Every structure is written in structure tokens, then in C-alpha cells.
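Reviewing the structure listed below.
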Amino acid sequence: MQVFTSVLVLSIFFLAFIISDIRDYKERKVNSMKSLAHVIGLNSISTLEFRDNEAAKDILYALKDVTPEIVHAEITDKDGKPFASYTRPGTPNVNTPGVLTGENVQLTGEQLFVTDNIINTNNELLGKISLDFELSELELIKKTKYRLAAILLLVALGFSFVIAVVVQAYISRRLLYLVNNMNEASKTGNYNIRISDAGKDEIGTLMKGFNKLMQQVTESQQRKDEFIGIASHELKTPLTSIKGYLDLLNLVEEKQPNKQFVQKSLESVQKLESLVKDLLDVSKIQSGQLQLNITAFDINELIDETIASMQMISPSHRISRENDPGPQMVFADRQRIEQVLINILSNAVKYSPGENKVVVSTSNNGTELVVKVRDYGIGIPQEELTDIFKRFYRTKNSSVHISGFGLGLYICRDIMQRHNGKIWVEREEKGSSFYFVLPINKQ
Ligand code: ADP
């Protein structure tokens, strides 16, 4: 834009300059030719009075050296009859408009034609003088000016381009830096990012705006985290006591439909309890208080147990194990790894309505143990594969029909990271495969 504007402005400037220069040149030439015609007229008075056309020719002939651009000069008497004329040697055919009537100057293209009256001291009209002048110089002047303008334009264009590149690089670098920080914040969810040394220009204002926004996001997140922490703590105690009483009622109540009502209430309370548990975990993760209780245990045994208990509560699906490689000891928090497994398995069941198959498999490459849970359900769009591990994130295709809070995978990811492990998901032709990796520490 900068280069384009400079070129446009300079072109307009040069064009205006050249046009006005050419106009000045023509004006100057017209004036000088008018003066010349007048002087020749004055000198020709006596030749006309004495009808000495030889002397008149001599006067005109002198023009050959004085003004070589004159192609043709002619003196006519008062009746308009030719008296004396001069044609520049070598001029093929003279095409003059003759003696002008009315106007005494005519400018057409490269030809200037001037006519003047020859008047004696008694104010009597003796005749007319006309000069035909060739403005051949004009073309040369035009060419030189246009060439000069083109060279200056090119030099200006070069300068403008270099300046534009330098300025652009400076602007782009800072804008890209800002964009990268924005992307980083949105990708990682780390809103503690701040840009130092923002500067005082418009981009600096933008950067300060970004810092302010990040500050507000951090503060509102802190308030939200505090609220989640307090609310889940406050909910936990009454919920435990409700569940206790309902358990008791379930035991003692025999009559229907009362027993059925109690059992329905228990199911709902269990859902609430699991939500409160998740919220408490999130709050612990946020405050860095999620502790691991590391012990050595056989993970294959844990996988089998978890599959068995999940199978009990999910009769609609068949959860199977593809391979059984025997005992595999790992050093990890058994309860937390079980929590990860339960979350992935229950998602596999929950997000495959109408399907009935979930397959678990494990592999071991000597340093890491990989657990894979494959389902044949609704699947996850490519662009949301990493987002689902964010807090409260639910995919667009699932959130409408299937209930959930978008907390489980966020907790799973944190648990795996604390174990120096990994968790991710891959798209399958139908459904998806969740993987988690635990390092096998032989010591
Ligand atoms: P919740 O299931 O309670 O919403 P999660 O954190 O466990 O929370 O899962 C986050 C989101 O990831 C889910 O809302 C769902 O959109 C998507 N998701 C998780 N597992 C699967 C799966 N096996 N198939 C399809 N979508 C899944």
C-alpha cells in the first residue's frame, strides 16, 4: 500500500510538473515569436513604402541564422498580395494557414503560426508579416522530461520499497509475536502469558490491551476456581449424608413403589456425587494440590477388574480385552489410574449409542506401557481432538444429546502428566481410540 501510494503521488506530481513546464515553454515561444514578428514588421515598413521587395527578402533571409526553427516567413502588402517570402532551405512543402484573420497566433501540435500587422508612424496599415515556426524542440523536451521522471520514479519506488520492507518487517514481527502469544494462550489455556516491552505505538496499545484482557481472564478464572472449590466442598458433606440415609432406606424399605423411588434417588445422588468429586479434583488441580499415592501394582490386573466392574453397570455393551499379556508391574497411583480407565471406558460406552462393542488392548515397548480403548461410537471431529482435554470442553456433536460436564478428560490428562505419562485420542474410520501411556520404571 505504501509503495503503491508513493508511486501514485509521485506520478501525479511528475505529470503535473511536466504539463505545466510544457505550457510555460509554449507560452515563452509564443511571446518571443510575437516579438520577432513585430520587430520584422517594424524593419519592413520602409521596404513596403518603397516597394523594395529585395530588401524585404534580405530581412527575411536573415532569419535562417537568427531563428533556424522558422520554416516559412511571408510579408504581404495591404491588399493581401505576397510581397516577400522566405522558406527554410530543405523544407519539402510549406503548409501554412496563410495570413491569419482575426486571431494572430495559432498553435497546432508542433507548429506555431504568428501574424502581425505592419503599421507605419502615421498609423497606416502597410501589410502583414507571418511566421511559421516549428516546435521540434518540444518533442525532445517532452522525451527528456518523461525519461527523467521515469528514472526519478524508479529511484523513489526503490527507496519506498526498501522502507516499506523494513517497516513491514518491524510491524509484522511484533504483530506475529502478539498472534503467537494469543495462539499459545488459546491452545494451552495458560492465561498467565504477558507481553513485556509493548512499546508506545498502536501495536503497543494492542499488546497492552492483550495483557489487560489476560489479566481479567486470569482474575475471573481465579474467582471461578475459588467458587468451584468452595461450592464442591460445601456440597460434599450434605450429599454424603443424603446418600447414607438413602442407602439405609434402600436396605429397610421393602414396599413398592417406595423402594423403586429410593433407588432412583440413589442413582441421581450417585451422579451428583461423581460431579462433586470431579469438581473437587479440578479445584485440587488448579491449586496444585492433587497428590499421587505411588505404589507398585499389576496394571493388567487393574484393567481386568475395571473392565469387570464397568461391564456390570454397562450391560448394553460388551467390553472385551484383545490380549492378556500377564502381570505387568507399574509404579503409579492405583486409584488415579483406575479413575482414568473408568472415565475412558464409561465415555466409550456413553458415546457409542446403538453400538455394543468396546475393545481394550495393551502393549509394552520395554520402557512404556500403552493402554488403548477402542470404541465404535459417534467419533470426534479432527479439529476437536486436542480440545476435548480442556476444562468444560464438550464436542459439538455430543453435547446436545448426551449429558456430561467436560471435566473427566481434563482430570485424566492432569493425572497422566503427573505420572510423566501421556493421554491422547485418535480418529478411527468409525469411532475413536483413546490411548494412555505409563512409563515402566523397573526400579
Ligand atoms: P463428559 O463426558 O462428562 O462430557 P469428558 O471430559 O470425559 O466429559 O469428555 C469430554 C468430551 O469429549 C465429551 O463431552 C465428548 O464430547 C468427547 N468424548 C470423550 N470421549 C469420547 C468418545 N469415546 N467418543 C466421542 N466423544 C468423546
Side-chain angles (χ1 to χ4, degrees), residues 224-253 256-293 295 302-303 305-317 319 332-353 358 373 388-395 398-399 401-416 418-419 423 434 436:
K224 192 175 74 185
D225 292 342
E226 274 167 29
F227 171 77
I228 290 175
I230 295 168
S232 44
H233 254 290
E234 294 301 317
L235 279 170
K236 199 181 153 197
T237 324
L239 211 61
T240 317
S241 108
I242 293 171
K243 190 171 172 258
Y245 285 120
L246 282 174
D247 276 334
L248 207 65
L249 261 179
N250 190 28
L251 276 179
V252 294
E253 184 62 70
Q256 287 294 0
N258 295 8
K259 193 172 175 71
Q260 198 191 349
F261 295 155
V262 172
Q263 280 170 346
K264 287 259 175 240
S265 311
L266 253 177
E267 275 170 30
S268 301
V269 167
Q270 268 155 8
K271 276 191 193 159
L272 259 178
E273 206 183 31
S274 108
L275 170 64
V276 169
K277 248 169 82 186
D278 278 356
L279 285 174
L280 273 172
D281 278 347
V282 168
S283 156
K284 278 185 196 157
I285 291 171
Q286 292 305 309
S287 57
Q289 284 169 356
L290 191 118
Q291 304 285 341
L292 294 184
N293 178 20
T295 54
L302 175 72
I303 292 171
E305 278 175 23
T306 316
I307 290 177
S309 60
M310 281 304 299
Q311 186 63 79
M312 293 252 287
I313 51 172
S314 319
S316 56
H317 288 67
I319 308 172
D333 186 324
R334 194 177 196 279
Q335 235 182 335
R336 291 294 181 187
I337 297 297
E338 184 184 11
Q339 186 180 350
V340 171
L341 250 174
I342 290 177
N343 195 82
I344 296 177
L345 282 173
S346 59
N347 278 352
V349 171
K350 187 164 76 166
Y351 296 106
S352 29
V358 174
V373 177
I388 57 167
F389 295 94
K390 288 181 186 164
R391 213 162 29 142
F392 301 115
Y393 193 92
R394 309 204 63 220
T395 60
S398 73
S399 50
H401 328 280
I402 304 165
S403 68
F405 295 98
L407 289 177
L409 289 177
Y410 169 73
I411 299 168
C412 292
R413 187 183 62 170
D414 191 79
I415 292 173
M416 292 318 300
R418 278 168 205 270
H419 279 92
I423 182 167
F434 276 81
F436 71 86

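Note that the structure is a prediction, hence the values are computed from the model and not measured. Heads up: numbering here begins at 1 and tracks the sequence.
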Check your understanding: Side-chain contact, heavy-atom cut-off 4.5 Å: K350 with N347?
Key -> yes

**Study point:** Partners meeting salt bridge (charged side-chain N to carboxylate O under 4.0 Å, His left out) with K390 (sequence neighbours left out)
**Key:** D387

Practice item. Drop me the distance from D225's CG to R391's CZ, to the nearest 0.5 angstrom. Key: 4.5 Å

Check your understanding: I337 and A332: which non-hydrogen atoms are nearest, and at how many Å?
Key -> CG1-CB, 3.9 Å

Exercise for review: To the nearest 0.5 Å, tell me how far L275 CG sits from L239 CG.
Suggested key: 9.5 Å

**Study point:** Whether over 12 other heavy atoms sit under 6.0 Å from Q335 CD
**Key:** no

Check your understanding: How would you list, by chain and number, every residue that makes a side chain to side chain contact (heavy atoms under 4.5 Å, CB included) with K271, sequence neighbours excluded?
Key -> none

Practice item. With side-chain contact (heavy atoms from CB on, under 4.5 Å) as the test, would you mind laying out the steps for M310 and I307 before giving the verdict? Key: CA-CA 5 Å; M310 281 304 299; I307 290 177; 5.8 Å; no

Study note, to complete from the structure: When every non-hydrogen atom of S283 is compared with those of G229, the smallest separation belongs to OG-CA, 3.5 Å

Study note, to complete from the structure: Sequence neighbours excluded, the answer for side chain to side chain contact (heavy atoms under 4.5 Å, CB included) partners of I242 is L246, V269

Point to revise | For D414, all residues meeting salt bridge (charged side-chain N to carboxylate O under 4.0 Å, His left out), sequence neighbours excluded | key: R418

Check your understanding: What are the two closest heavy atoms between L345 and I319, and how far apart are they?
Key -> CD2-CG2, 4.0 Å

Check your understanding: With sequence neighbours excluded, what pairs up with D281 under the salt bridge (charged side-chain N to carboxylate O under 4.0 Å, His left out) test?
Key -> R336

Review point. With sequence neighbours left out, what residues match I423 under side chain to side chain contact (heavy atoms under 4.5 Å, CB included)?
Key: V340, I344, F389, C412, R413, M416, F436

Exercise for review: Would you please name every residue forming a side chain to side chain donor-acceptor pair (under 3.5 Å) with Y393, sequence neighbours left out?
Suggested key: E384

Exercise for review: Starting at CD of Q270, measure out to OG of S265 and round the result to the nearest 0.5 Å.
Suggested key: 11.0 Å

Practice item. With sequence neighbours excluded, tell me which residues meet side chain to side chain donor-acceptor pair (under 3.5 Å) with Q289. Key: S287

Exercise for review: Give a yes or no answer on whether the side chain of S314 reaches the backbone of Q311 with a donor-acceptor pair at less than 3.5 Å.
Suggested key: no

Review point. For I388 and F434, what are the C-alpha separation, side-chain angles and deciding distance, and is it a side-chain contact (heavy atoms from CB on, under 4.5 Å)?
Key: CA-CA 12 Å; I388 57 167; F434 276 81; 3.8 Å; yes

Exercise for review: Only counting residues at least two apart or in another chain, list the ones meeting side chain to side chain contact (heavy atoms under 4.5 Å, CB included) with Q263.
Suggested key: N250, K259

Check your understanding: Can you list the residues that meet the salt bridge (charged side-chain N to carboxylate O under 4.0 Å, His left out) rule with E305, with sequence neighbours excluded?
Key -> R334

Practice item. Hey, could you give me the NZ/CG distance between K277 and L279, rounded to the nearest 0.5 Å? Key: 12.5 Å

Check your understanding: With sequence neighbours left out, which residue pairs that include part of residues 226-236 fulfil the side-chain hydrogen bond (donor to acceptor under 3.5 Å, both in side chains) condition?
Key -> none

Exercise for review: Working to the nearest 0.5 Å, report the span between CG of L235 and CG of L280.
Suggested key: 9.0 Å

Review point. Has the side chain of H317 got a donor or acceptor atom that lies under 3.5 Å from a matching backbone atom of A348?
Key: no

Study note, to complete from the structure: Sorted by chain and number, sequence neighbours left out, side chain to side chain donor-acceptor pair (under 3.5 Å) with D247 holds for none

